[in-house]
Amino acid sequence: MSTEDDPGEDLRVVSQRIPAETEANDTVVVGAALVAGLGGVVFGVGWLAGWSLGVIGTGAGVGLLALGVALRRYVVERFPDVEAVEPRPEADRFEQPRIADVPTVPRRRLLGRLISGAAGVMGLGFLTPVVSLGPSPGPALTRTSWADGVRLVTSNGQPVRPEDIAAGGVSTVWPADNVGDEIAAALLLRPAVDPAAPTNLDWVVDGNLLAYSKVCTHAGCPVALFRESDEALFCPCHQSTFDVTAGARPTFGPAARSLPQLPLGVDDEGWLVARGDFPEPVGPPVG
Amino acid sequence: MTPLFALLFEKLDERLQLRTPGREVANKVFPHNWSFLLGEVALVSLVVLVLTGLFLTMFYQPTTDPVTYTGSAEAFSGRRLPGAFASVVQLSHDVTGGLLFRRIHRAAAHLFVATVVLHLLRVLLTGAFRRPREVNYHIGLVLLVLALALGFTGYSLPYDSLAGTGIRIAYSELLSVPLIGPNLAFGIFGGQFPAGDVIPRFFVLHILVLPGLLIGGLAVHLALVTRQRHTQFPRPSIDGHRWVLGKPLWPSQFVESTTLMLWVSGALALSAVLVPWADITLKGPYVASEVGNSAQPEWFLFWVEGALRLFPALELDLPGVTIAGTFVAGAVLPGLIIAALVGYPFLERRVYGLSGEWHVLQNPMDIPLRAGCLVGFFSFLLLLSAAATNDVLSRLWGIPIESLTWGLRVTVVVVPLALAAAAVAVSRKRLRRRGAHVPATEG
């Protein structure tokens, strides 16, 4: 069935169709080839002249399609269409002696194992550079830049007074000097319904002005939407919902933890300040 | 052969002995079926991705450091933007063909992932994964995971607002890994998001590490197809277990593949003229603590996103370790899904006591276990993917998000099981009606 020196004999033609070349086909080939060339010219000239995306892209696209047509029509009409069979490779067609079968000096199993062990330990040692890829997390995941006396500022850096937030109002606030520090982002809001336990009422100003972490306790998205109809904070990423009047406890969706509440107060000059950091880590759960 | 080419070949052959292996390759037989082209279209898309990607790489700046944008896009004129986003805007507005190549790159990426998935589906349905091709099937699964990773890092690079949301969620999923989460997240992101080195790292992964692994793996994938020969659909005229029937590589299959290459790349270029594939990201840069409504990842990660949205608010706090819902839905579940794909060939072989080698493709209805598993598996993935759009569906259908989510939580569990059972029952009945059974050997 097969000979090693001439694999060509493995191929057996079972059917063959000799195409009849026609002038109509040649016309198609000529036309398509011309369009392809033109497409290339449009693309090149268009690029140099800074023509629009539409012209350059159409030149390239139409040119490539036309070149495909030209090649296909040319081959279909001028090469025989062959169907052939080829045998599948068989296992163990020929046996060759394995090098390992050549007799050697008697081997010591212990020494072999020692070498494998040494190579393994060395491999593990060489993995340690991955440790350098990132800093040690340290306190970064449990602390934010909020501290006692730090003013709340808006995204423009403006400090906020309690009277700036009307009933039903909400504003994203940051620690002064740390605007844009995502993990410290907080929402300052004044719900129409007075908050009650488990909200920490000592950290509420005017009886209804309070602040929560803006970082979702599910996957860390900003809890960006305040739904006044049921006093809920809503995360647009995975629809976790938190009850603002009940310590931002989760009421729906995949989040399992409340949004941490920011201890809120007013300083001597009447600006809103934090009275400490969030009482628990903000953001998604750490495994 | 032209005389010059013949002479060149002659000289090379004297030195490298090309004639025999060359003829062997030229004679390789390719069975004909449209579904065999899916993998080829993926290959063409990859070539287009590499060529357009090379061009984009020359202009992209992998940094989140803010710069003042001074290009011609009026919406951003004079604004402070993350360097990466600014360079993408610059490339799109002020480099000739820049936006065209970005659009083609995106379109080719969609086509690449889609055809890789459909190719996998074809292999699963017809049983092309069976012995002796399990090895190549597993290499294929590695290539699929690399393709998804390339897709994710790729759409993160512009650092627009949607990319920022995706990166943020990926960071949170890493954090949630028990015990090693914080070190893993800080190690991959080079610090705490968004302050770390995520964009330069993703850039290196996207343009060097992942494509290198993908192209290397693909070379092995194709070499194994050549070595093991193709599977093929049953043909009455030949014994498919011993012979392959098809068209030889030269000239028939070569022309088929070349025209396919020209047509697919031409279609991608035209689609880029008609569809603004990559322009949506230019709406706005990533801004700390902001996210829009309807924030969905690319379609090929909808299934993970859906799992994150549906998973109930469960969290297991043990001493020293937390098992969070994000970990279960975002890491354990995808891991199980990949494991199911890896393990399926062994399950089928065991359940039916199969032996020997298999080269002839089957109708999945002939193998009840396969019909059931595939229907269940893919309906599960599709329903999870649908769940990734629950906010959009809620608005569209006027159903409160809470009711819709609860409905989906039940649906993704019940419906795939019911469909799988139905598929098994229908296939069994069909086999009985024909008096057939699942064969244990092919030869």
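Source: prediction; values computed, not measured.
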Among B/Pro178, B/Gly181, B/Gly325, B/Ala329, residue most engaged with chain A (heavy-atom pairs, under 4.5 Å): B/Pro178
Checking heavy atoms, do the side chain of [X], its backbone, both or neither come under 4.5 Å from chain A?
X	value
B/Glu402	both
B/Pro194	side chain
B/Val29	both
B/Phe30	neither

Should [X] and [Y] count as side-chain neighbours, where that means a heavy-atom distance under 4.5 Å?
X	Y	answer
B/Arg168	A/Glu182	yes
B/Thr405	A/Phe252	yes
A/Leu48	B/Thr96	no
A/His238	B/Ile169	yes

Partner of A/Pro285 under side-chain contact (heavy atoms from CB on, under 4.5 Å), chosen from B/Ile323, B/Leu175, B/Thr326, B/Asp317: B/Thr326
Contact winner vs chain B - [options], heavy-atom pairs under 4.5 Å:
options	value
A/Ala219, A/Cys216, A/Ser155	A/Ala219
A/Pro236, A/Gly220, A/Gly134, A/Pro254	A/Pro254
A/Gly59, A/Pro250, A/Gly68	A/Gly68
A/Ala224, A/Pro284, A/Pro135	A/Pro135
A/Val76, A/Leu65, A/Val286	A/Leu65
A/Val14, A/Val55, A/Asp81	A/Asp81

Exam field: side chain A/Lys214 to backbone B/Ser289, donor-acceptor pair closer than 3.5 Å: yes
A/Arg88 (side chain) donor-acceptor with B/His230 (main chain) under 3.5 angstrom: yes
Working for side chain to side chain contact (heavy atoms under 4.5 Å, CB included), residues B/Glu256 and A/Arg72: CA-CA 8 Å; B/Glu256 289 277 334; A/Arg72 194 178 187 82; 3.2 Å; yes
Exercise: identify the closest heavy-atom pair between [X] and [Y]:
X	Y	value
A/Phe79	B/Pro251	CD2-CG, 3.7 Å
B/Ala269	A/Gly57	CB-O, 4.0 Å
B/Val273	A/Leu53	CA-CD2, 4.0 Å
A/Ala255	B/Ala313	O-CB, 3.1 Å
A/Pro222	B/Val291	O-CG1, 3.5 Å
B/Trp263	A/Leu64	CD1-O, 4.3 Å

Which atoms of A/Val75 approach chain B - backbone, side chain, both or neither, heavy atom under 4.5 Å: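 For A/Val75, side-chain heavy atoms alone lie under 4.5 Å from chain B.
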Verdict with reasoning, B/Glu315 to A/Arg257, per salt bridge (Lys or Arg N to Asp or Glu O under 4.0 Å): CA-CA 9 Å; B/Glu315 190 175 303; A/Arg257 301 178 179 191; 2.6 Å; yes
Trace of the side chain to side chain contact (heavy atoms under 4.5 Å, CB included) decision for A/Thr58 with B/Leu270: CA-CA 6 Å; A/Thr58 307; B/Leu270 282 184; 4.2 Å; yes
Trace of the side chain to side chain contact (heavy atoms under 4.5 Å, CB included) decision for A/Leu133 with B/Phe186: CA-CA 8 Å; A/Leu133 287 178; B/Phe186 275 56; over 6 Å; no
Whether A/Phe43 and B/Phe101 hold their rings parallel, tilted or perpendicular, with breakpoints at 30° and 60°: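 Correct class here is parallel.
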Residues A/Glu86 and B/Asn27: side-chain donor-acceptor under 3.5 angstrom: no
